[in-house]
Amino acid sequence: MKKILTLLAVFTVLFGSLFAETIGDNPEDPFERDRWEREKLTTQVYNLVLKDAYAELGLKESEIDKNATIKAEYMPMHDEIRIYYDTLYVTFAEGEAMNAVMAYVQKFIRDNKYFQYKYMEKDKTKPYKDDRKQRKVVYSSHIKLVR
């Protein structure tokens, strides 16, 4: 009985090592696995000025706020993204903010090969004053992505 269990363990280890999957393009590189682990664990931040990038989001120039910026924090380990739409309080319209955020999410899903998403919590709107004492608003969304 012990011999059978020993042979089974040896074959399991042997087949596991034969069919092991490599991490990246170059399995010879010892630092590639560390780089991949660091990228997976770190939060990636993307900034986008809406007046410069409205065409790539599929929006019309008349549908955007020229003062708005979008900041996205992507957490690849959890497949989550937090999107912050920031603009002046005077020019803020919740419909425009929602459309811009949804267009950004659609673009992000296409670019990163996701196929579905769901909202983790209700979207939030928070007014604040910046360092120049201007009144601004942040519209934020927390989204879970599915591959």
Side-chain angles (χ1 to χ4, degrees), residues 5 8-9 11-147:
L5 290 177
L8 184 63
F11 283 124
T12 304
V13 170
L14 179 66
F15 283 118
S17 64
L18 287 176
F19 298 109
E21 187 175 333
T22 60
I23 294 296
D25 297 334
N26 187 6
E28 305 294 322
D29 187 8
F31 298 108
E32 187 167 330
R33 182 179 185 94
D34 294 335
R35 181 186 56 80
W36 184 77
E37 288 292 328
R38 267 194 315 277
E39 285 179 2
K40 184 177 81 168
L41 294 176
T42 57
T43 300
Q44 300 166 8
V45 178
Y46 304 104
N47 290 320
L48 179 72
V49 177
L50 212 51
K51 71 177 178 180
D52 299 335
Y54 65 90
E56 71 183 52
L57 293 177
L59 298 172
K60 297 177 186 170
E61 189 173 3
S62 61
E63 296 175 340
I64 64 160
D65 182 1
K66 303 229 183 326
N67 300 315
T69 59
I70 292 180
K71 176 183 170 187
E73 295 176 350
Y74 172 54
M75 295 159 276
M77 182 176 186
H78 303 291
D79 289 329
E80 292 180 7
I81 186 168
R82 290 182 186 266
I83 302 173
Y84 303 101
Y85 177 91
D86 190 9
T87 189
L88 295 173
Y89 185 79
V90 181
T91 61
F92 177 71
E94 192 166 357
E96 287 179 4
M98 192 181 312
N99 289 339
V101 167
M102 288 179 66
Y104 185 82
V105 169
Q106 294 295 329
K107 179 185 177 304
F108 190 85
I109 284 174
R110 280 192 313 269
D111 293 347
N112 293 302
K113 297 182 176 97
Y114 287 100
F115 68 90
Q116 189 177 1
Y117 66 95
K118 71 174 188 170
Y119 287 89
M120 298 291 287
E121 57 188 288
K122 187 177 175 186
D123 292 349
K124 297 176 184 171
T125 304
K126 181 181 175 189
Y128 72 98
K129 285 189 179 181
D130 66 355
D131 55 348
R132 296 178 6 188
K133 304 293 185 216
Q134 287 183 329
R135 294 175 59 194
K136 290 191 158 191
V137 175
V138 173
Y139 178 84
S140 62
S141 292
H142 184 195
I143 297 171
K144 175 77 172 173
L145 305 168
V146 180
R147 286 196 194 263

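The structure displayed is predicted, hence computed values, not measured ones.
- The shortest heavy-atom contact between Y117 and I109 is CD2-CD1, 3.1 Å.
- Of all non-hydrogen atoms in M120 and I143, the two that sit nearest each other are CG-C, 4.0 Å.
- Crowding of Y89 atom OH: a count of heavy atoms from other residues, nucleotides or ligands under 6.0 Å not exceeding 12.
- At least one side-chain heavy atom of Q44 sits under 4.5 Å from a side-chain heavy atom of P76.
- Minimum heavy-atom separation, I70 to A100: CD1-O, 4.1 Å.
- Once rounded to the nearest 0.5 Å, the distance linking NE2 of H142 with CD of E80 reads 3.5 Å.
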* To do: Kindly determine whether T69 and N47 satisfy side chain to side chain contact (heavy atoms under 4.5 Å, CB included), including the steps that lead there.
  => CA-CA 7 Å; T69 59; N47 290 320; over 6 Å; no

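- The CG atom of D130 sits 8.5 Å away from the CG atom of D86 when rounded to the nearest 0.5 Å.
- With contacts defined as side-chain heavy-atom distances shorter than 4.5 Å, the pair K71/V45 qualifies.
- Rounded to the nearest 0.5 Å, atoms OG1 (T91) and NZ (K136) are 9.5 Å apart.
- For the residue pair D79/Y114, the side-chain donor-acceptor check at 3.5 Å is satisfied.
- Side-chain atoms of K144 come within 3.5 Å of backbone atoms of H78 as a donor-acceptor pair (strictly under, hydrogens ignored).
- Atom CD1 in I83 sits 10.0 Å away from atom OG in S140 (nearest 0.5 Å).
- Note that CE of M98 is 8.0 Å distant from CE of M102, once rounded to the nearest 0.5 Å.
- For the atom pair CD of E94 and CG of N99, the computed distance is 11.0 Å after rounding to the nearest 0.5 Å.
- Applying the side-chain contact (heavy atoms from CB on, under 4.5 Å) criterion to A97, with sequence neighbours excluded, gives Y85, F92, Y139.
- No side-chain heavy atom of V146 sits under 4.5 Å from any side-chain heavy atom of K118.
- V137 is listed as a side-chain neighbour of T125, based on a closest heavy-atom distance under 4.5 Å.
- Taking 4.5 Å as the limit, some side-chain heavy atom of F108 sits within range of a side-chain heavy atom of Y46.
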